Amino acid sequence: MIVTDTADKIKSMEIRGAGRIARAAAEALRDHALSIQPPYTAAFQQEMERAAAILVATRPTAVSLPNAVHMVMNGIGKATTVDEARTGVVQRAEHFIQSSQHAVEKIAEFGARHIRNGDKILTHCNSEVALGCIIEAHRSGKEIEVFATEVRPRNQGLITIRTLNDAGIKTNFIVDSAVRSFINEIDLVVVGADAVTVNGAVVNKIGTSQVAHTAKEARVNMIVAAETYKFAPKTVIGDLITIEERPSSEVLPDDIAKTLPHVRVRNPAFDVTPAEFIDLIITEQGAIPPQMAYVIIREYLGWDIAEFH
Ligand code: RUB
């Protein structure tokens, strides 16, 4: 079944990165809506809610996932027939996928303008929007050089350097702990986001906050590329972002771990960078200071506080 297939791929990180996860969930809901034949609307809604719950439960941190699912499920609205409900879901899913792709392009265009000719840019993890900005700057003729971290333990930096290499961009590949050694060579840090909270904090791949601290100490600006659907509406009512802790075997093989009974491996996949470490967040609606995250939540995500009750 398409929903469990997609859910398995998200869990195993075959599909990864907050934007791609969100689009994959929207596609899975669309295809599920087209494949089921429930006898009446309430049964359609129930089955779609079951599928939505499976998808949302896959990875807890990237808020793009529940946001996308919420937007698609809103397509059921007040439908009175199964056909109407199905059409609503399919239209919302298509709309989300297209607007997500459009957002990625817009952010690349806006973000590239923050990159100057000759800049050396540091990026951490593998973010399609952050890379979009860098690649667009290169395409527009700016001579740039990138420093990309390895990103232990899953080595997403390898995906990043392949993409940069394919784009013909001069790239340096460094281990995560070498960031401070190179920071004085860097002009700008560009990263993506899994979630942005109402106070402008950015949740992204583990190590991002260390990069941010290092950059601030060296007076290097850090910009975050994040579509509006990465902003977390429920942080307005006090919800916290859950930081996913992944299996210890990603850090230390089980056969070694079992010889070390007093050692507990900790493997949080994400961390939180406070707003004061971030110069700008580039969204498809334009750049905002992180402190303006609330405006994005209210104006562009269309969440009404009443929905939370
Ligand atoms: C990926 C990660 C990325 C954000 C933004 O983590 O932290 O920086 O998801 O990516 P993981 P994008 O590899 O654990 O999914 O800009 O592609 O949405």
Side-chain angles (χ1 to χ4, degrees), residues 6-27 55-56 58-68 96-97 99-112 121-136 146 148-164 176 179 189-197 201-212 222-232 241-247 250-251 267-273 278 281-284:
T6 301
D8 288 346
K9 285 182 183 157
I10 295 174
K11 254 191 229 156
S12 67
M13 292 174 63
E14 189 180 329
I15 299 173
R16 51 148 300 282
R20 289 190 174 91
I21 289 173
R23 290 196 295 274
E27 273 169 28
L55 290 163
V56 169
T58 51
R59 292 192 77 189
T61 304
V63 79
S64 52
L65 173 59
N67 278 349
F96 177 79
I97 295 161
S99 55
S100 165
Q101 280 155 349
H102 180 68
V104 172
E105 285 163 24
K106 269 304 193 209
I107 292 171
E109 185 189 323
F110 297 156
I121 300 149
L122 174 74
T123 191
H124 181 64
C125 197
N126 177 258
S127 155
E128 92 176 312
V129 263
L131 284 181
C133 300
I134 295 169
I135 291 169
E136 184 51 34
V146 178
T149 48
E150 185 181 27
V151 195
R152 277 273 293 155
R154 295 291 298 245
N155 300 332
Q156 286 95 332
L158 279 178
I159 316 172
T160 296
I161 58 170
R162 279 194 196 107
T163 305
L164 291 168
D176 301 339
V179 167
V189 176
V190 185
V191 295
D194 284 85
V196 181
T197 65
V202 167
V203 182
N204 192 49
K205 180 55 53 190
I206 191 77
T208 303
S209 70
Q210 281 179 194
V211 171
M222 170 156 144
I223 62 175
V224 175
E227 307 90 304
T228 50
Y229 55 80
K230 308 253 177 88
F231 287 66
I241 303 292
T242 304
I243 302 292
E244 175 184 13
E245 186 145 357
R246 296 194 52 88
E250 288 185 349
V251 177
N267 186 19
F270 302 96
D271 66 18
V272 182
T273 301
I278 298 157
I281 301 179
I282 318 276
T283 79
E284 71 276 17

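Start at 1 and go down the list; that is how both ligands and their atoms are numbered. Reckoned from all heavy atoms, side chains included, excluding hydrogens, waters and symmetry mates. As the structure is a computational prediction, the values presented were derived from the model and not from experiment.
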Can you pull the salt bridge (Lys or Arg N to Asp or Glu O under 4.0 Å) pairs that have at least one residue in residues 150-163, sequence neighbours excluded?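 Every salt bridge (Lys or Arg N to Asp or Glu O under 4.0 Å) pair that includes a residue of residues 150-163, provided the two are not neighbours, is R154-E250.
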Do any pairs count as a salt bridge (Lys or Arg N to Asp or Glu O under 4.0 Å) and have a residue in residues 7-21, sequence neighbours left out, and if so which ones?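 Only R20-E128 qualify under salt bridge (Lys or Arg N to Asp or Glu O under 4.0 Å).
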Non-hydrogen side-chain atoms of D271 and I243 separated by less than 4.5 Å: no
Under a 4.5 Å cut-off applied to non-hydrogen side-chain atoms, are N204 and T273 in contact? no
Any residue meeting salt bridge (Lys or Arg N to Asp or Glu O under 4.0 Å) with K230, in chain and number order, not counting sequence neighbours: E227
Would you please write out the protein residues whose heavy atoms approach any atom of ligand 1 to under 4.0 angstrom, listed by chain and number?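 Heavy-atom contacts below 4.0 Å: M13, R16, G17, A18, G19, R59, C125, N126, S127, E128, V129, Q156, A193, D194, N204, K205, K230, F270.
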Smallest separation among heavy atoms of I281 and F231, with atom names: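 Between these two residues, the closest heavy atoms are CG2-CZ, 4.0 Å.
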